[in-house]
Amino acid sequence: MFLLSGEEFARTKEGHDNSFNAPISLNRLDWRKAWEERTLAEYYKGLIALRRQLPGLGDKSEKAAQRIFEKKSADGVVSYLMDNRDQDSDTRWQTLMVVYNSTGKPEKVSLPGEGWELLCDAYNSMLWKASVPVAGIICAEPQSVTVLGCVRDALGENEFGRRKAV
C-alpha cells in the first residue's frame with residue numbers, strides 16, 4: 001500500500017498534479033487540517049491495520065492475481081472474492097469479499113454462502129476487531145469500499161480453493 005503524504009487527512013494540493021516548483025504553502029503539511037480531519041486519519045489507520053490481517057491483500061507474488069475470483073462489475077459497482085489463505089500465517093478469514101461502490105447511491109450486494117463478517121465499511125475500518133456477522137444481502141454505501149471475511153469455508157471449495165460451481 002502506498003499513501004501520498006497527507007492523503008489520510010484529505011490533503012489535495014488544490015488539484016495541482018505536479019507541485020515540484022510550487023510554493024511551500026501548497027506543499028507543506030497542514031497540521032491544522034490534519035486535526036480537523038482526524039476522523040478520516042483514524043479510518044486510514046484502521047485500513048492499514050486491517051491489511052496486516054489479510055495476507056491475500058498483501059500477496060506480492062506473481063500468482064497474486066490468481067487469488068481473485070468471481071469478479072462482478074455493473075453500473076459503478078465492482079465486487080470480487082479473494083482467497084485469503086496463507087501457508088505462513090494463520091488467518092481468521094479464509095475468503096474475502098471486496099465491494100467498491102463508486103455510485104452516488106447505496107447498492108445492495110448478495111453474499112454467497114454463510115459465515116461472513118463485516119470487516120470494514122464506509123464508516124468504520126475497525127469492524128474487524130469485533131465479530132460483526134452478516135448474511136444474505138449487504139448495503140454498500142455510496143462512494144465507498146466494503147470488505148467482508150468468511151470465517152470458515154462456508155463457500156465450499158474445490159481442489160483449487162475456488163467456489164464450486166452451483
Side-chain angles (χ1 to χ4, degrees), residues 1-11 17-18 40-166:
M1 179 186 300
F2 182 78
L3 301 175
L4 299 176
S5 183
E7 178 181 337
E8 71 280 10
F9 55 84
R11 179 177 181 222
D17 60 355
N18 184 357
L40 179 59
E42 285 297 314
Y43 187 84
Y44 269 72
K45 183 178 174 181
L47 288 177
I48 292 166
L50 173 59
R51 185 181 175 279
R52 289 185 184 132
Q53 304 298 315
L54 306 176
L57 289 178
D59 187 348
K60 296 175 186 75
S61 75
E62 293 177 9
K63 296 182 178 185
Q66 294 174 7
R67 288 180 175 269
I68 298 172
F69 57 105
E70 294 202 23
K71 295 177 266 188
K72 296 178 183 173
S73 176
D75 301 323
V77 180
V78 175
S79 67
Y80 59 87
L81 296 178
M82 173 179 270
D83 183 349
N84 190 49
R85 295 171 301 168
D86 185 44
Q87 64 185 10
D88 297 328
S89 66
D90 187 29
T91 179
R92 176 172 169 80
W93 307 285
Q94 293 182 6
T95 304
L96 303 176
M97 182 175 197
V98 179
V99 180
Y100 296 101
N101 179 3
S102 67
T103 72
K105 60 185 181 14
E107 295 289 339
K108 293 182 180 180
V109 178
S110 295
L111 298 176
E114 300 173 342
W116 291 99
E117 290 183 351
L118 187 58
L119 307 180
C120 168
D121 66 10
Y123 307 107
N124 190 338
S125 60
M126 297 280 201
L127 294 170
W128 58 274
K129 287 189 167 192
S131 178
V132 182
V134 291
I137 296 175
I138 57 121
C139 182
E141 294 296 327
Q143 299 177 341
S144 70
V145 64
T146 303
V147 181
L148 303 105
C150 192
V151 294
R152 59 184 185 280
D153 185 24
L155 299 181
E157 290 185 340
N158 62 24
E159 63 274 17
F160 303 108
R162 300 291 190 251
R163 242 180 104 199
K164 293 180 182 173
V166 180

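Computation of the quantities below employed the complete heavy-atom set of this structure, encompassing side-chain atoms and omitting hydrogens, waters and symmetry-equivalent molecules.
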| task | Could you please spell out the steps behind the side chain to side chain contact (heavy atoms under 4.5 Å, CB included) verdict for Arg51 and Cys120? | result | CA-CA 11 Å; Arg51 185 181 175 279; Cys120 168; over 6 Å; no
| query | Per the side chain to side chain contact (heavy atoms under 4.5 Å, CB included) rule, which among Asp59, Thr91, Leu57 passes with Asn84? | reply | Thr91
| Atom pair CG/CG of Leu81 and Leu96 - distance to nearest 0.5 Å | 9.0 Å
| request: Hey, could you give me the CD/OG1 distance between Glu141 and Thr103, rounded to the nearest 0.5 Å? | output: 10.0 Å
| query | Any side-chain heavy atom of Cys150 sitting closer than 4.5 Å to one from Trp93? | reply | no
| Quick one: OH on Tyr43 to CE on Met126, what's the gap to the nearest 0.5 Å? | 11.0 Å
| query | Between Val78 and Ser73, what is the shortest heavy-atom contact and its length? | reply | CG2-OG, 3.8 Å
| task | For atom OH of Tyr100, decide whether the heavy atoms of other residues, nucleotides or ligands shown that lie under 6.0 angstrom number more than 12. | result | no
| query | Where do Leu118 and Ile138 land on the side chain to side chain contact (heavy atoms under 4.5 Å, CB included) test, with the steps shown first? | reply | CA-CA 9 Å; Leu118 187 58; Ile138 57 121; 5.7 Å; no
| If you take all heavy atoms of Asp121 and Asn124, which pair is closest and at what distance? | OD1-N, 2.8 Å
| field | Pro106 to Pro142 - nearest heavy-atom pair and separation | value | N-CG, 3.6 Å
| query | Any side-chain heavy-atom pair from Glu117 and Ser131 closer than 4.5 angstrom? | reply | yes
| field | Atom pair CG (Asp75) and CD (Glu107), whose distance is rounded to the nearest 0.5 Å | value | 7.5 Å
| Below 4.5 Å, heavy atoms only, C-beta onward: do Met97 and Val109 meet side chain to side chain? | yes
| Just wondering, do Trp128 and Arg92 contact through their side chains at under 4.5 Å, heavy atoms? | no
| note | All heavy atoms of Gly46 vs all of Ser125, minimum pair found to be CA-OG, 3.1 Å
